[in-house]
Amino acid sequence: MKSKGIIRVFLSFFITLMLSSALAQTSTLITREKGKNITSVSISLCDKSGSRSITPDAFRKSDRVYFLVEPKEGYSKPVFRESELKEELPKIVLWQPQPAKYLSPELTPVIADKRIVAVILAYPKSETRAHLPFTFGKDGSTSEELVLDESYFDHYPQFKAVLDGANRQIAAGEWLEAYYNITGFLRKDDAAENLRYYSFAKKLTDDLPLQALSKGADQLKVVFMQKLGEFAENPSKTGLESLQAAANEVERYLRQTAAYKDMGFEASKSFAELSASLDNLTKEKTSEAEQQYMNSRFSMLMGQSYLDQRFSTFVDLVYKSFLQSFGVAVTGTRGLNQILTAGKQEELRQLGWLDDLQEVFYAIEKRVSSTSQLPALPANVIDHLESLKGTQPKPYYEILKLTTEPNASKEARIQLLQTAINTSPADNDMAAMELWKSKVENDLGSGQISSALSEGIRQLDANNIGRAAELFDQALRQKPDDAQAWYLRAMAHYKAGEIFAAEAKLDKSLELNHEMIAPLLLKIKLLRENKNFDALNQIFSRPVSNGPNYLFEMTKASFLIEQNKAADAIKVLENGPLILCPGQTAPHFLIGDAYAALKQPDKARQAYLKTQHINPFDSAVFEEKMRSLERK
């Protein structure tokens, strides 16, 4: 037995110690048993001075564990004899499940009034575990387990701080922060091992994380459902964007909390089910909303006929956006601004259509961005345009159908483009179509040369002639045998008033590709300006390649009328433009001019009247033609 000295205390202190014993952890050990005579001691947790009111903080700071041993039963007086201090009490040993060994104590007697009223047993804390039961033994007898309150455990302050902090954050609605604090603490190396000894272990591993995550998910669901309700009342672009933003927040939240699903707790399984349900809900409802939105916006492209001016206006602008991008849809506000002049925007604003048009473009953008395999326009829009094909003022069906068949064969795409070229009423559009066709035929994709030509056409349309010329020159330097580049450079020369340079480059373009119509039409224009009738007669005496072409036939009919061959012009118009483009007013005006030249005013009048049936919104030319007849 080792003794560290005798502790002498006053009786008053001892009385205080006795009164505070109700606060201590206490066990009983039988130290001697002879027949019915039993001697036992009480063993209580204490501090190094013998006070049983040791606080958890003091216990955790101490490097030793102290127990107070006091006489209990079988003693004539509540004191120990000197012999017991030397022979009996040193035989008391401590045993815990881990480490699995007996520990012998250091003894320190507690003296009051010259009597040994108690003994303090001291053990190295490094050899004990506060979270395990303390059991004392002597001569085969074993005490009751002495179990400390969890607040005495070494990791209690950290765990309690996390617990209290999580409760405060959950109460404040800081659910994600609570989850991060809990799971961050649980990921520490010894956290899981030590947490199992605390009564609140399940709260930290299951109850609080699930509560925090569920409340966070519920709040996001409330916001999402609110946005869904707002969208249902007003299925607009803004409403869809707000709904998508709410769905993105849900997705972000589930991504941030995904680690908890794999942590192996019972609550993890519950949250995994909750996550899957919320994820499915938001994705399903967002997809339904997007489809509803697109259906409502694409319905604007489903007018009964082109007399529905909003329908025809929107179809025309979608057509232009696809045409100017040569097969790659220009979508969203950026694309809209590229194809709308300030005057057109103001006109649409006055009609109250500008916002609706933006919604159409946004619907196309959503449809294209949803999957690379999805065509820019739904099949029912294209089917409707096909049903109106006989009256379409421009080759809307052919150009827009190209966007719905991204995997169509090369031959099918070329055929659609050729039909569009033959029926296009605008030379600028036809030039773009021929460039598009050239890209398809030569599998050019969106290479550098092709991009320069495409951008050059846009600059030319915007009357930025200098910039367009630079782009066409760039393309020519890279590919000197490109017929499109030669033609477009000629067009830039022509717009700049450089007629001879334009003519030289046109000849080169037609030499490289005699099937192109756009350079041929520009050459005809130059010949007419120069009154080179022999060359014109020679050109018009031959049919163009790839079937009759609307613009070529219209130019030919106009030339014949100028040459006093109105009857021939009527035949050209009836066998060409009126068949190719029955939805155009220009052939009827021209045929009316031919009848007027033949001194047949009634037939001229009937031809002019047909233009008002085709397009009742454009009466200026009609009025001028009718007045001209009246004057004759």
Side-chain angles (χ1 to χ4, degrees), residues 305-307 309 311-324 326 339 341 344 385-386 388-402 415-437 457 460-461 487 491 516-525 528 540 543-561 569-570 572-594 607-608 610-622 624-625:
S305 73
Y306 294 111
L307 294 179
Q309 194 180 15
F311 161 66
S312 61
T313 299
F314 289 1
V315 168
D316 188 61
L317 291 169
V318 172
Y319 158 86
K320 285 181 179 178
S321 73
F322 291 156
L323 187 59
Q324 289 185 4
F326 306 95
I339 63 173
T341 62
K344 189 64 175 178
L385 293 176
E386 186 177 20
L388 301 176
K389 187 177 177 182
T391 59
Q392 64 181 358
K394 297 179 182 179
Y396 297 139
Y397 166 73
E398 288 78 10
I399 294 302
L400 299 187
K401 185 172 176 60
L402 282 167
Q415 182 56 54
L416 283 169
L417 283 166
Q418 188 60 59
T419 301
I421 289 167
N422 288 340
T423 56
S424 174
D427 51 4
N428 288 345
D429 288 356
M430 189 179 67
M433 293 172 194
E434 289 197 312
L435 176 57
W436 190 348
K437 181 187 172 191
I457 289 177
L460 206 58
D461 287 343
Y487 159 66
M491 178 59 76
M516 288 174 58
I517 302 298
L520 181 61
L521 291 177
L522 183 54
K523 185 174 180 62
I524 290 171
K525 181 182 287 189
R528 291 180 74 174
F540 288 131
V544 296
S545 302
N546 298 312
N549 178 276
Y550 172 84
L551 284 175
F552 179 83
E553 300 299 324
M554 285 289 290
T555 305
K556 180 179 180 179
S558 174
F559 173 73
L560 289 172
I561 293 173
I570 292 171
V572 168
L573 292 167
E574 289 178 339
N575 294 323
L578 288 178
I579 296 173
L580 287 169
C581 301
Q584 287 294 326
T585 58
H588 294 282
F589 279 125
L590 202 52
I591 220 169
D593 292 345
Y608 293 150
K610 286 181 181 179
T611 65
Q612 288 299 283
H613 300 157
I614 295 171
N615 184 5
F617 303 105
D618 186 4
S619 301
V621 177
F622 169 75
E624 180 184 340
K625 296 287 185 183

Candidate list Ile579, Val572, Leu580, test side-chain contact (heavy atoms from CB on, under 4.5 Å), partner Pro548, passing option: Leu580
Value for OG1 (Thr585) from CZ (Phe622), rounded to nearest 0.5 Å, stands at 11.5 Å
Within the 4.5 Å heavy-atom criterion, are Tyr396 and Val318 side-chain neighbours or not? no
State which residues pass side chain to side chain donor-acceptor pair (under 3.5 Å) with Lys556; sequence neighbours excluded, sorted by chain then number. none
Only counting residues at least two apart or in another chain, list the ones meeting side chain to side chain donor-acceptor pair (under 3.5 Å) with Glu398. Lys389, Gln392
Looking at every non-hydrogen atom in both residues, tell me the closest pair between Pro582 and Ile614 and how far apart they are. O-CD1, 3.8 Å
Interatomic distance, Leu317 atom CG to Lys344 atom NZ [nearest 0.5 angstrom]: 6.0 Å
For Gln309, does the CD atom have more than 12 heavy-atom neighbours from other residues, nucleotides or ligands under 6.0 Å away? yes
Evaluate side chain to side chain contact (heavy atoms under 4.5 Å, CB included) for Asp429 paired with Tyr319, printing each intermediate quantity in order. CA-CA 10 Å; Asp429 288 356; Tyr319 158 86; 3.4 Å; yes
Ring pair (Phe, Tyr, Trp, His ring centres under 6.0 Å) filter on Tyr550, not counting sequence neighbours, yields none
Residue set satisfying side chain to side chain contact (heavy atoms under 4.5 Å, CB included) with Leu307, at least two apart, ordered chain then number -> Ser305, Pro616
Are any non-hydrogen side-chain atoms of Thr419 and Tyr397 less than 4.5 angstrom apart? no
Which residues satisfy the side chain to side chain contact (heavy atoms under 4.5 Å, CB included) test with Leu578, sequence neighbours excluded? Glu574, Pro587, His588, Ile591
Rounded to the nearest 0.5 Å, the NZ atom of Lys523 sits from the OH atom of Tyr487 at a distance of 14.0 Å
In Å and rounded to the nearest 0.5 Å, what is the CG to CE distance from Asn428 to Met491? 6.5 Å
What residues, two or more places apart in sequence or in another chain, satisfy side chain to side chain donor-acceptor pair (under 3.5 Å) together with Lys610? none
Checking Phe311 now: which residues fulfil ring pair (Phe, Tyr, Trp, His ring centres under 6.0 Å) with it, not counting sequence neighbours? Tyr306, His384
Measure the CG-CD1 distance between Asp593 and Ile570 for me, rounded to the nearest 0.5 Å. 10.5 Å
Within the side chain of Ser424, is there an N or O that forms a donor-acceptor pair under 3.5 Å with the backbone of Ala420? no
Using side chain to side chain contact (heavy atoms under 4.5 Å, CB included), reason through Asp618 and Gln612 one step at a time and then give a plain yes or no. CA-CA 8 Å; Asp618 186 4; Gln612 288 299 283; 5.7 Å; no
Rounded to the nearest 0.5 Å, what separates atom CG in Leu402 from atom CG in Leu323? 10.0 Å
For Glu434, check salt bridge (Lys or Arg N to Asp or Glu O under 4.0 Å) against everything at least two apart and list the hits. none
Side chains of Thr423 and Met433: closer than 4.5 Å at any heavy-atom pair? no
Flag the pair Phe540 / Leu560 as yes when at least one side-chain heavy-atom distance between them is below 4.5 Å, and no otherwise. no
Can you sort out the partners of Ser558 under side chain to side chain donor-acceptor pair (under 3.5 Å), two or more places apart, ordered by chain and number? Arg528
Partner residues of Ser545 under the side chain to side chain contact (heavy atoms under 4.5 Å, CB included) criterion, sequence neighbours left out: His514, Glu515
Taking the side chain as C-beta and beyond, is there a heavy-atom pair between Tyr608 and Val621 under 4.5 Å? no
Under the side chain to side chain contact (heavy atoms under 4.5 Å, CB included) test, which residues partner Asn549, sequence neighbours left out? Ile421, Asn422, Met430, Ile517, Val544, Leu551, Phe552
All salt bridge (Lys or Arg N to Asp or Glu O under 4.0 Å) counterparts of Asp316, not counting sequence neighbours: Lys320, Lys394
